[in-house]
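Contents: one structure, followed by commentary.
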Amino acid sequence: MREAYYPQEIEKKWQKIWDDTKAFKTYDDSEKPKYYALSMWPYPSGKLHMGHVRNYTITDVIARFKKANGFNVLHPIGWDSFGLPAENAAMQNKADPAAWTDENIAYMTKQMKMLGLSYDWDREITACKPDYYKWTQWLFLQFYKKGLAYKKEAAVNWCEECATVLANEQVIDGKCWRCENLVEKKYLSQWFLKITDYAEALLEDLDKLTGWGDNVKTMQANWIGKSHGAVLKFKTAEQDIEIPVYTTRPDTAFGITYLVVAPEYKDIELLTTDENKAAVEEYRANARKMTEIERLSTERTKTGVPLGTHAVNPFTGEKFPLWTADYALAEYGTGAVMAVPAHDTRDYEFAIKYNLPIKEVIAPSSLQPCGRSEAYAEPGIMVNSGKFNGMPNEDAKKAITEAAVNGGFGEFKTQYRLRDWLISRQRYWGAPIPIVYCEKCGIVPEENLPVLLPEDVNFETTGVSPVLTSKTFINTVCPCCGGPAKRETDTMDTFVCSSWYYLRFADPKNSEKPFDREIVNKWLPVDQYVGGIEHAILHLLYSRFFTKALRDMGLLDFDEPFANLLTQGMVLKDGSKMSKSKGNTVDPDEIFENYGADTARLFILSDSPPARDFDWSDAGVEGCYKFLNRVWKLIASNADKINLSTALPPGSLAKENDDLVRMVHMTIKGVTNDIACGFQFNTVISKYRELTNAVYDRRNAKTDLNEEDKAVLGFAIVSLIKLMAPVVPHLCEEVWRELGGGGSIHDQKWPEYDENLAKTSSITLVVQINGKIKDKIDVDEALTEEELKQIALNSPKIKEQTAGMEAVKIIVVPKKLVNIVVK
RNA sequence: GCCCUGAUGGCGGAAUCGGUAGACGCGUUGGACUUAAAAUCCAAUUGCUUUCAGGAGCAGUGCCAGUUCAAGUCUGGCUCAGGGCACCA
């Protein structure tokens, strides 16, 4: 074995061999239990960044660990390759988005192979290839047939920069998720998926996801936004028009002093008097012009105008005025709000500004009656509420709603904040929506799939989709009547493609259907999913929705796609996120070139637990490189002494009591537990270092080795490289073969430990006085409690410090400590 | 405003059940090797006080209380930081 460690040479050699021999190919037919490890598939943006390196390394180590532990592991990769960057690149470089994408995929594939990732490349899938998007389109049609895909005219989020609409989930703080441009409202006819049908299931099943972090689950629960309340129906005094209102505070119904409808409310024109018409129209026109962010800003003082008409409170018969104000949202509840300024901060602010009456109906307690200079939103006792007076307001919520139900003017209602998923995009580089518009037949699904993207398009258009420039795509014949018809020119949101890709990996080559039900049932759910927290709502919610909908269509038999989710932290440099604009990026290629992939893998896992942010430091990389050199040298300089045939398994070593043998058992136990319980790779790596240090100490201490010493050394070294193999696959493979190991180290079984040997031979007894540590004594672990007590009491230090004092109580924790309580 | 997560040396972070706080590494300092440097190896490294140079003592895990023989760990109340949601009635 050569003395010096040449990672680049070793890595290149093994990567080629693994590739040529398809070392990580997964077969469906195996006796072993299945394990599906998956990283979120990347967008082929050009080059891997360190976030990718971290993500894929984590999943790769898990996959290799599970394989060594006897699982049939599925560890695939693919490309989320539809999306705007390819189209933007096409506009700038006059390149074909397909060619640009292919180039990027080729480069990133090369980088992934350089990182030594154990993917089954035969299962690679690519969202923008017709053999994949054909099935995205097919699934869309299944949603359409089930009434889960529909077209409607609605106020939608429009990004001028990207020249397309966006889903609610893609609007972050009123800005576009991709380009951070301010989002505007537009009224357009668009395709939606009916995710709201699954609001309750998506919320309820969060409890089943015991392998997900609470942070992600609460984010989803907040996004779904379930609330319990009532719909109360009001009639107008002037025209007898019904205005239903959703409220979570029916207990405050006696305190209503006005009613607000959203500027987009459907009956608003009927509700406006002629005198008020001009002012209302002007207000509505202004509201339309405002961007989402302006309108939703809580900083902004509330505005509104009266409609001139009135509604009647069915509980009291009181008349109160109708207003329109943009703090009422058309898309939530019924689009109308009953205003109780005494008990709602927003209504209070509005009432003060426009001098509307404030009527208190809940007092903090019977001792502390009303009279406040702000809205009182806390629980209390009902007042000014007729027969409900004196009741705790929480009870009155139910009682008043029941009264409304009995009176025929109300009902209990559960409301969700979640809205339907807008999937139309006025862009080229996406899966075309397979729909045809026929003058005779109306909306007709196109069953002849795939509907291919046209190639005769001009990307130098502004403001409209390049698809519209095609001369061949738009005009077609109706699949129903054969008459002239036009194709839908919108494409699907890329998140549709990524909502089912994890299913396709189970059956990637199927040309008859998106996936075979049996095969998918066998491999899914994904046992371990790894990716960034930024998808906590978007991709993870959509995928859960897809899985549930596909189950209801009978295409599969499970209802959650990802059993365990690990959201990895960001990779930082100098305390902030790596970004090109800050100039603090680290190029993976440079790290591979200078140190090799094994060092990169080791370092990215070594310093922080996977869920936490990771601060990149050049010194840390150096440290990992030095460690690998140390391991290499340790083995190279002892290669002649290590004989794999004498590197015996546990139980067969004569020197079982040897401290180094015990250390090896402890390390196997520790590493195994640290990976199995929460993937704590940082402590796993510290255990590699401890064992390495211990082997060095042993070798330094003894130069004249007998056969037994060699066996111990061999056992320690072989165990070390087996434990390190998932993290540092190239070095360990090379060393394994150099030492004469048969086959690949990555086909070896995970080392086992003996529980009796996985601890030190003696223990340190801690002696405390009143809970403060006063002495530490090495003792045999077999001693009884009474013996430990005597040893503690006989310690000279303890005698000295307890002289003249009385021991009130002595607590003995077996094998650990003695605490003497004195007065 | 509501929700989630976190706070431990100069730094990243360890510490199964409440039972030796600071594993492992980075950095720093000192030393060995070298003509020299790099590399490598060895040692020290929470703070303060004290010392006869072997050590000894005290304090210490964001803050304030509490439970306990014993609290980084459990309970209550805060502070700060990061993230999510937000005129959602």
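Heavy-atom basis, side chains included; hydrogens, waters and symmetry copies ignored. Sequence lines set the chain letters: A, B, ... in the order given, protein chains first and strands last, and positions in each chain run from 1.
Less than 6.0 angstrom separates the ring centroid of F409(A) from the ring centroid of F315(A).
Distance check on atom P: G25(B) versus C80(B) gives 38 Å, rounded to whole Å. Nucleotides C2(B) and A59(B) place their P atoms 39 Å apart, quoted to the nearest Å. If you take atom P in U20(B) and the same atom in C78(B), they sit 31 Å apart, rounded to whole Å. To the nearest whole angstrom, the two C1' atoms, one in C64(B) and one in G27(B), are 35 Å apart. Across the P atoms, A37(B) and G31(B) are found 12 Å apart, a figure rounded to whole Å. Remark: the separation of the P atoms in G1(B) and G19(B) is 37 Å, to the nearest Å. Here the separation of G9(B) from U68(B), taken at their P atoms, is 30 Å to the nearest Å. Nucleotides G57(B) and C4(B) are separated by 45 Å at their P atoms, to the nearest Å.
Across the strands present, C33(B) finds no partner; the criterion is a Watson-Crick or G-U wobble pair with both atom distances under 3.5 angstrom. In this structure G54(B) sits in no base pair that meets the Watson-Crick or G-U test at under 3.5 Å. If you check G82(B) for Watson-Crick or wobble pairing at under 3.5 angstrom, you find it paired to C4(B). Using N1 to N3 plus N6-O4 or O6-N4 for Watson-Crick, or N1-O2 and O6-N3 for G-U wobble, each under 3.5 Å, U28(B) pairs with A44(B). If you check C87(B) for Watson-Crick or wobble pairing at under 3.5 angstrom, you find it has no partner at all. In this entry U68(B) has no Watson-Crick or G-U wobble partner, no candidate having both defining distances under 3.5 Å.
In this structure C17(B) sits in the syn conformation; its chi angle is within 90° of 0. With its glycosidic angle more than 90° from 0, G12(B) is assigned anti.
In this structure, CG of D344(A) is placed 14 Å from C1' of A86(B), rounded to the nearest angstrom. Atoms CG (N222(A)) and P (G1(B)) sit 17 Å apart, rounded to a whole Å. When the P atom of G83(B) is taken as reference, atom CH2 of W223(A) falls 18 Å away, rounded to whole Å. The separation between H535(A) atom NE2 and G84(B) atom C1' is 16 Å, rounded to whole Å. Note: OH (Y332(A)) to C1' (A89(B)) measures 7 Å, nearest angstrom. Atom C1' of nucleotide A56(B) and atom NZ of K797(A) are separated by 9 Å, given to the nearest angstrom. Here C87(B) presents its P atom at 18 Å from NZ of K353(A), a figure rounded to the nearest Å.
Comparing S227(A) and N770(A) by the nucleotide of RNA chain B whose heavy atom lies nearest to each, the residue mapping closer to the 5' end is N770(A). Comparing I537(A) and M338(A) by the nucleotide of RNA chain B that holds the closest heavy atom to each, the one mapping nearer the 5' end is I537(A).
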Checklist outcome for this item: Going 5' to 3' through nucleotides 12-30 of chain B and flagging B where a protein heavy-atom sits under 4.0 Å of the base, S where only the sugar-phosphate is that close, and - otherwise, we get SSSS---BBS-BSSSS---

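Closest approach to the K809(A) side chain among C85(B), C87(B), C69(B) is made by C69(B) (side chain taken as heavy atoms from C-beta onward). The side chain of D214(A) lies closest to C4(B), out of A56(B), C4(B), C69(B).
Few gaps surround NZ on K353(A); more than 12 heavy atoms of other groups in view lie less than 6.0 Å from it.
Within 4.0 Å (heavy atoms only), K413(A) reaches no atom of the nucleic acid at all. Within 4.0 Å of K815(A), counting heavy atoms only, lies no atom of the nucleic acid at all.
Contact annotation: K217(A) side-chain N/O to U5(B) OP1/OP2 distance is not under 4.0 Å.
Here the straight-line distance linking atom CG of N286(A) with atom OG1 of T303(A) works out to 8.5 Å at 0.5 Å rounding. Between the CG atom in L765(A) and the CG atom in L817(A) there is a gap of 7.0 Å [rounded to 0.5 Å].
Taking each heavy atom of T667(A) and K687(A) in turn, the nearest pair found is CG2-O, 3.9 Å. The nearest pair of heavy atoms linking A4(A) to W632(A) is O-NE1, 3.2 Å.
A perpendicular orientation is assigned to the rings of W616(A) and F614(A), their planes being inclined by more than 60° (bins at 30° and 60°). Under the 30°/60° scheme for interplanar angles, the aromatic rings of Y625(A) and Y5(A) are found to be tilted.
Looking at R601(A), its side chain does come within 3.5 Å of a backbone N or O of V727(A) through a donor-acceptor pair.
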